[in-house]
Amino acid sequence: MQKTLIIVTGPTGIGKTKLGIYIARHFKTEIVSADSRQIFKELSIGTAVPSTEELLMAKHHFIHSHSISENYNASKYENEALPLLDRLFQMHNEVIMVGGSMLYIDAVCKGIDIIPDADPEIREALKIRLVQEGVESLRLQLKKLDPVYYNQVDLKNPARIIHALEICLTTGKPYSSFRTNQIKERPFKIIKTGLNCDREILHQKINLRVDNMVKDGLEEEARGVYPLKHLNALNTVGYREWFAFFDGEISREKAIGLIKRNSRRYARKQITWFGKDPGTKWFEPGQENEIIETIEKQIKKHPGTIPQAIDH
RNA sequence: GGUGCCAUAGCUCAGUUGGUAGAGCAACGGACUGAAAAUCCGUGUGUCCCUGGUUCGAUUCCAGGUGGCACCA
């Protein structure tokens, strides 16, 4: 029997959680979350994790399963999600993946290249050099160590240059030698369902949701993790803005306003990313019946004809 | 009702000694392979309230209108 991964994606605040549960209950199956922040057990309000009731309506995976102190990333997610899917497909013909973390979904659908872990000390040293010497110095070294990648990379983006350099310096090989850009074959069919709506209405939803998060105690949640604010997991909309407030850099009102703005911008970025995938079928909230109908039609189609995103 | 002030981008406002306009914020578009809720790049989006007048030419000057604010009745 053909196994199918049904992906539910779309911008933040659109209603993916609710739709995912609806589809999961229809197929009597489980949900694998693809959310790079709901995965952390220390975060709840600001990441809009499913409520206790929602978690009871369908079994969820990768919700509150890791700690912000772990150095988590898309590759680790791929390595953990694939075996989990394997197990779930032994019990179900369909499994639902719900989330808005663009690279995490790509990692599961297409795979990302196997690249050795960088030496943390080398990464730190590069970060210091960036501050002290500027990006130009790092660029020059990259040009020497990996001219191939130097010609591809966005030379204005220090994060990309540092990552390439840390791999070159850790492994002694050019970063580009690890980049194969090959799409990995998966032993299951993939159906992508996108949820979106009119931009202005989405903005209203996002603004309202942030207000509700504040009412629910987001400030206290942020205060609780404030001592760990240097962690990458907390370089996140809904938390970093509070840290700036706690540090006396901005007012409380300003912080809340920035959370709304940054959430809106995040949503726009997600729409840009997901929008370029021609394999995604788009719907609006409230179209549950059409969505189920479309998914069932796609499941019945003969396997292996799902268009995948163009490589990048 | 009278007098005064104001009307320019989504918002707050500059500005043009008359040659069709620009800042901040907001917004919009894009890139993306181990930080991805990250990181980076790009874009003014405009009946200068309306109608006349003066002028080669009016968003700018003049008159009237409309709307807003303030004060006086």
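Residue numbering restarts at 1 for every chain, and letters A, B, ... go by the order of the sequence lines.
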ask   = What is the distance from atom CG of A:Leu82 to atom OH of A:Tyr77, rounded to the nearest 0.5 Å?
value = 9.0 Å
ask   = What about A:Asp117: does its side chain form a donor-acceptor pair under 3.5 Å with the base of B:G34?
value = yes
ask   = Between A:Glu219 and A:Arg223, does at least one N-O distance fall below 4.0 Å, as a salt bridge requires?
value = yes
ask   = Do the ring planes of A:Phe246 and A:Trp242 sit parallel (below 30°), tilted (30 to 60°) or perpendicular (above 60°)?
value = parallel
inquiry  = Taking the nucleotide of RNA chain B with the nearest heavy atom to each, does A:Asp113 or A:Leu258 sit closer to the 5' end?
reply    = A:Leu258
key: Carboxylate-amine/guanidinium proximity below 4.0 Å for A:Asp247 and A:Lys229   = yes
key: Carboxylate-amine/guanidinium contact A:Glu288 A:Arg25, below 4.0 Å   = no
message = Base, sugar-phosphate or nothing for A:Leu234? Non-hydrogen atoms, less than 4.0 Å.
response = nothing
ask   = How far does the P atom of B:A58 sit from the matching atom of B:G53, given to the nearest Å?
value = 11 Å
message = Over 60° means perpendicular and under 30° means parallel, so tell me whether A:Tyr72 and A:Tyr104 are parallel, tilted or perpendicular.
response = tilted
With 3.5 Å as the limit, what N/O pairs link the protein to nucleotides 36-38 of chain B?
residue : atom : partner  : partner atom : Å
B:A36   : OP1  : A:Arg37  : NH1          : 2.7
B:A36   : OP1  : A:Arg37  : NH2          : 3.2
B:A36   : OP1  : A:Asn232 : ND2          : 3.3
B:A36   : OP2  : A:Tyr104 : OH           : 3.4
B:A36   : O2'  : A:Leu103 : N            : 3.4
B:A37   : OP1  : A:Ser36  : OG           : 2.1
B:A37   : OP1  : A:Ser101 : OG           : 3.0
B:A37   : OP2  : A:Tyr266 : OH           : 2.6
B:A37   : O2'  : A:Thr236 : OG1          : 3.3
B:A37   : N6   : A:Asp35  : OD1          : 3.4
B:A37   : N6   : A:Thr47  : O            : 3.2
B:A37   : N1   : A:Gly46  : O            : 3.3
B:A38   : OP1  : A:Arg240 : NH1          : 2.6
B:A38   : O3'  : A:Asn235 : ND2          : 2.9
B:A38   : N7   : A:Lys269 : NZ           : 2.6
B:A38   : N1   : A:Arg160 : NH2          : 3.2

message = Measure CG/A:Leu130 against C1'/B:C40 and give the value in whole Å, please.
response = 13 Å
note = Every stem of 3 or more Watson-Crick or G-U pairs under 3.5 Å that RNA chain B joins, in order of first number, is B:1-7 with B:66-72, B:10-13 with B:22-25, B:27-31 with B:39-43, B:49-53 with B:61-65
ask   = Within the structure shown, what part of the strands sits under 4.0 Å from A:Arg268 by heavy-atom distance: base, sugar-phosphate, or nothing?
value = base
ask   = Can we say A:Lys76 and A:Glu70 salt-bridge, meaning some charged N sits less than 4.0 Å from an Asp/Glu carboxylate O?
value = no
ask   = Hey, what do you get for CZ (A:Arg264) to NE2 (A:His203), rounding to the nearest 0.5 Å?
value = 6.5 Å
